[in-house]
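To find a chain, count down the sequence lines: A is the first, B the second, and so on, and within it residues start at 1.
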2 protein chains.
Amino acid sequence: MPEPKPKRSGCPINLATEVLGDGWSLVVLRDIMFGGRRTYRAILTNSLEGIATNILASRLKQLVENGLLTAAPAPDHRQKTIYSLTEKAIALLPAMIALGAWGRQFLPTEPELAIRNQVLEEGGRELQEAFMAELRETHLGIANPSSGQSVAERLELAFQQAKSEIRR
Amino acid sequence: MPEPKPKRSGCPINLATEVLGDGWSLVVLRDIMFGGRRTYRAILTNSLEGIATNILASRLKQLVENGLLTAAPAPDHRQKTIYSLTEKAIALLPAMIALGAWGRQFLPTEPELAIRNQVLEEGGRELQEAFMAELRETHLGIANPSSGQSVAERLELAFQQAKSEIRR
DNA sequence: TAAACTGCTTGCGTTATGCAAGTGGATTAA
DNA sequence: TTAATCCACTTGCATAACGCAAGCAGTTTA
């Protein structure tokens, strides 16, 4: 059995850094959380930043080991692996939104790539909770009683609108 | 003149990761922001995680290059460098609090190291704003009209209380 | 039965990290 | 005045991580 490697310290910021403090973990989680990618191939071929195959494999493995993802074979294709967010990963949403809001304010973001984050930030705690409930339904199978247009749909719509506005 | 190196993408999460996505940047910022360290030596000798000298030097340089810190010689000691947070770094506070809250919930944090984060999270937006105003006064020289006990003092008090409670 | 798809692994060169020691200027104490 | 200490690093070197391109083995589809 793999014993947990010793932690540098018990400070929450440090521990979060030890889990997520590399160049790819948050980007992979973003693609699963906001982009709806569920497989190695889906992440790889749609990767905006061009993640390398070995890096993606190692990150997925690490995220599973750290309890942020679970892996299960696809029902229709034994070799295909479906990755699901855990509650631990879904609970990262507020931090990701805060980090994205900071990025939008201080870093040279592109509007159509920032729009999902903007919608979620402006939607406040209510919209964030609704999105987390959707993620829990999609990834954990926890029934979500909310009705009407899903947050995921709203995000996708905003993204498409932003894209078309930029093209003209 | 140093031309900016090409970004992997204009996504806010990715850009934030490119700036902060390593094992030390957030930890150094934490020590300056919450620990009140202002010099290389102060960070190094109090480092909970035992940062190496060359890594600290390279991170400080990087953080200055990325506009999160400014460096100025100390008035009493020409060789001593005082680092100050920029507005860009102070604006990271909400994200750091959110990340710390996540760490407290899902990672094996130690109570006395988590208490500052907890106080700030439970204090809500109001306390966060008050602390940011204090940081702006301390690091940017922007007058802070607020009176009474400072947030920094409250955090320190909570930390000392947590420490003494643990020792018995 | 072959082609395409699946999730990887492997080799290899480059870059980053980590440890220990050293450097050189500034300040302080005897 | 001189020695010790403080200050912010740098340097050398070993190890680990990253990044690119290619390859691989099982699965499914045409």
Side-chain angles (χ1 to χ4, degrees), chain A residues 2 5-9 14 17-29 31-32 35-66 69-84, chain B residues 2 5-9 14 17-29 31-32 35-66 69-84:
Chain A
K5 65 178 172 196
K7 303 300 190 304
R8 300 191 304 198
S9 87
N14 173 65
T17 297
E18 291 198 51
V19 173
L20 304 168
D22 68 271
W24 289 107
S25 292
L26 280 179
V27 169
V28 170
L29 285 174
D31 285 350
I32 301 176
R37 325 279 183 226
R38 302 293 297 271
T39 68
Y40 175 94
R41 190 61 50 175
I43 297 170
L44 185 70
T45 59
N46 294 290
S47 171
L48 207 53
E49 291 84 13
I51 191 170
T53 59
N54 54 345
I55 306 294
L56 176 57
S58 105
R59 278 313 163 284
L60 288 171
K61 188 182 165 197
Q62 209 173 85
L63 288 168
V64 169
E65 284 171 358
N66 286 331
L69 298 177
T70 54
D76 63 316
H77 193 305
R78 275 186 293 166
Q79 204 172 13
K80 189 188 261 179
T81 304
I82 306 279
Y83 290 96
S84 297
Chain B
K5 64 178 169 193
K7 303 300 189 304
R8 301 190 304 197
S9 87
N14 173 66
T17 297
E18 291 198 51
V19 173
L20 304 168
D22 69 271
W24 290 107
S25 292
L26 279 180
V27 169
V28 170
L29 285 174
D31 285 350
I32 301 176
R37 325 280 183 223
R38 303 292 299 271
T39 68
Y40 175 95
R41 189 61 48 176
I43 298 170
L44 185 70
T45 59
N46 295 289
S47 172
L48 208 52
E49 290 85 14
I51 190 170
T53 58
N54 54 345
I55 306 293
L56 176 56
S58 107
R59 279 312 164 284
L60 287 170
K61 188 182 165 196
Q62 211 173 85
L63 289 167
V64 169
E65 284 171 359
N66 285 332
L69 297 177
T70 54
D76 63 317
H77 193 306
R78 275 185 295 165
Q79 204 170 15
K80 190 187 263 180
T81 304
I82 307 278
Y83 291 95
S84 296

Atom-pair distance (CG on Leu60(A); C1' on dG7(C)), nearest Å: 10 Å

Shortest side-chain distance from Lys80(A), nucleotide among dT17(C), dT6(C), dA8(D): dT6(C)

Spacing of Arg38(A) atom CZ relative to dG7(C) atom P, expressed in whole Å: 13 Å

His77(B), nearest nucleotide to its side chain (from dT6(C), dA26(C), dA8(D)): dA26(C)

Between P of dG24(C) and OH of Tyr40(B), the distance in whole Å: 17 Å

Min side-chain heavy-atom separation Arg78(B)-Pro73(B) under 4.5 Å: no

Residue mapping more 5' on DNA chain D - nearest nucleotide basis, Gln79(B) or Gly23(A): Gln79(B)

Thr81(A) vs dT6(C): side-chain N/O to OP1/OP2 distance below 4.0 Å: no

d(CG, Leu56(B); C1', dA20(C)) in whole Å: 16 Å

Spacing of Lys61(B) atom NZ relative to dC9(D) atom P, expressed in whole Å: 11 Å

Residue pair Thr81(B) / Thr39(B): nearest heavy atoms and the distance that separates them: O-CG2, 3.4 Å

Ile55(A) CD1 - dA22(D) P separation (whole Å): 17 Å

Tyr83(A) side chain near dC8(C) phosphate (N/O to OP1/OP2, under 4.0 Å): yes

Between dC20(D) (C1') and Glu49(A) (CD): distance, integer Å: 17 Å

Minimum-distance pair of heavy atoms, taken over all atoms of Glu49(B) and Ser9(A): OE2-OG, 2.6 Å

Sugar-phosphate only, base, or nothing, as touched by Arg78(A) at under 4.0 Å among non-hydrogen atoms: sugar-phosphate

Pairwise 5' ranking along DNA chain C for Ala57(A) and Asn54(B), keeping only the more 5' one: Ala57(A)

Main-chain N/O of Tyr83(B) paired to Arg38(B) side chain as donor or acceptor, under 3.5 Å: yes

For atom CG of Asp76(B) and atom P of dA8(D), their distance in whole Å: 11 Å

Approximate separation, where rounding is to 0.5 Å, of Ile32(B) CD1 and Leu60(B) CG: 6.0 Å

Sugar-phosphate, base or nothing in reach of Ser58(B), heavy atoms under 4.0 Å: nothing

Any Trp24(B) side-chain nitrogen or oxygen under 4.0 Å from OP1 or OP2 of dG18(C): yes

